[in-house]
Protein chains: 2
Amino acid sequence: MKFDDKVPIYYQIKNYLYHEMITGQLKPGGKLPAVRQLAVDLTVNVNTVQRALGEMMTAGIITSQRGKGNFVTTETTRITQLKEKLVMEELERAYEQLHALNLTDDEIIVGLKQYIAQRGQRND
Amino acid sequence: MKFDDKVPIYYQIKNYLYHEMITGQLKPGGKLPAVRQLAVDLTVNVNTVQRALGEMMTAGIITSQRGKGNFVTTETTRITQLKEKLVMEELERAYEQLHALNLTDDEIIVGLKQYIAQRGQRND
DNA sequence: CCTAGTGTTATATTTTACTAGTACACTATA
DNA sequence: TATAGTGTACTAGTAAAATATAACACTAGG
């Protein structure tokens, strides 16, 4: 996995796993890969994985069962709320950045539409 | 100035100064505040300011004159290109993040419109 | 009971960002 | 020429993130 070296890896791992849950790759009640396996997959140290998981436990998104594994919460509302939170944070971030670059509200919307339209022409 | 502790300060300073140029607070050919003054204003060490400025020099956005100060490039095209680059990076980032959160192209646009509309009701 | 698979914790080490402090180099001007 | 204001460079120290490595605790299954 590629990491942005401007942001702590454990933080990016947390976000990666959140995305996996929101997109349904990891389902409510489902089991996460073993910490050592995650470490190998992400080419990262076990402690770094553990740190990411620790924050996810604190947030109540995953639960840990010693000897068994780590599991996504069965409370689907938590996942829904998590998605809403992440979407809102991203919208806010993008808006503020673009606004700070002197773009008006309309220019921001038009800019995004153009970007998507242009991107649509690519084949990926 | 408030800094996001997930991102290096020097990197945030660089972006802050870029924004100042793009919004015209700092004009082409204009003089930047002295490095020691910037350090005080941003409550940051001189070396950290210097690191940010160093990258801006490498990028050709500012030039340094020993004993005089640091100056914004007089080549306005560089500033224009910089703005386009930053806008494009932000659009790309936002799109990819939201797309990864399972939102369709339409949902992304609608979501942004709703966010802006809702935000417009606030008074700031 | 033993073993493989799992989560958890701890120590030591390296790297990067940041800070503090100091000194040096150049410019303008009184 | 002296001085204040500027950029530049260097050394030393601190803190956070990440690594390598090892040990410990629990579970399930033969």
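Because only heavy atoms are used, hydrogens play no part in the values below, and waters and symmetry mates are left out as well, while side chains stay in. In what follows, chains are A, B, ... by sequence order, proteins preceding strands, each numbered from 1.
- Each of A:K6 and B:Q65 was matched to the nucleotide of DNA chain C holding its nearest heavy atom; the match closer to the 5' end belongs to A:K6.
- Straight-line distance from the CD atom of B:Q12 to the C1' atom of C:dT16: 15 Å, rounded to whole Å.
- Each of B:G69 and A:G67 was assigned the nucleotide of DNA chain D with the nearest heavy atom; the assignment lying further toward the 5' end belongs to B:G69.
- Neither OP1 nor OP2 of D:dG5 sits under 4.0 Å from any side-chain N or O of B:K68.
- A residue-by-residue look at A:P8 and B:V46 shows that B:V46 has its nearest nucleotide of DNA chain D further toward the 5' end.
- Counting only heavy atoms from C-beta on, B:R66 has its side chain closest to C:dC26 among C:dC26, D:dT21, C:dG7.
- As a whole-Å value, the separation of A:I9 CD1 from D:dA16 C1' is 13 Å.
- Here the shortest heavy-atom pairing between A:I13 and A:A52 reads CG2-CB, 3.7 Å.
- Atom CD1 in A:I62 sits about 11 Å away from atom C1' in C:dG7, given to the nearest Å.
- Applying the 4.0 Å criterion to OP1 and OP2 of C:dT19, one finds that B:T48 has a side-chain N or O inside that range.
- The separation between A:F3 atom CZ and D:dA18 atom C1' is 11 Å, rounded to whole Å.
- Distance A:L38 CG to C:dT6 C1': 12 Å, rounded to the nearest Å.
- Computed from coordinates, the A:Q50 CD to D:dA22 P distance equals 19 Å when rounded to whole Å.
- With contacts defined as side-chain heavy-atom distances shorter than 4.5 Å, the pair A:V87/B:L98 qualifies.
- What separates NZ of A:K31 from C1' of C:dG7 is a distance of 10 Å, to the nearest Å.
- As a whole-Å value, the separation of B:L32 CG from D:dT8 P is 11 Å.
- A:R36 contributes no side-chain N or O that forms a donor-acceptor pair with the base of C:dG5 under 3.5 Å.
- A:K83 places a side-chain heavy atom less than 4.5 Å from the side chain of B:N102.
- The backbone N or O of B:G24 lies less than 3.5 Å from a partner atom in the side chain of B:K27, making a donor-acceptor pair.
- Positionally, the nearest nucleotide of DNA chain C for A:M57 lies more toward the 5' end than for the other of B:Y11 and A:M57.
- Within 4.0 Å of A:N70, counting heavy atoms only, lie sugar-phosphate atoms of the nucleic acid but no base atom.
- At the heavy-atom level, A:R51 lies under 4.0 Å from the strands shown only through sugar-phosphate atoms.
- In this model, the phosphate group of D:dA17 is approached by a side-chain N or O of A:Y10 to a distance below 4.0 Å at OP1 or OP2.
- Between the side chain of A:N47 and the base of D:dA18 there is no donor-acceptor pair of N/O atoms closer than 3.5 Å.
- A salt bridge links A:K85 with A:E89: the distance from a Lys NZ or Arg NE/NH1/NH2 to an Asp or Glu carboxylate oxygen falls below 4.0 Å.
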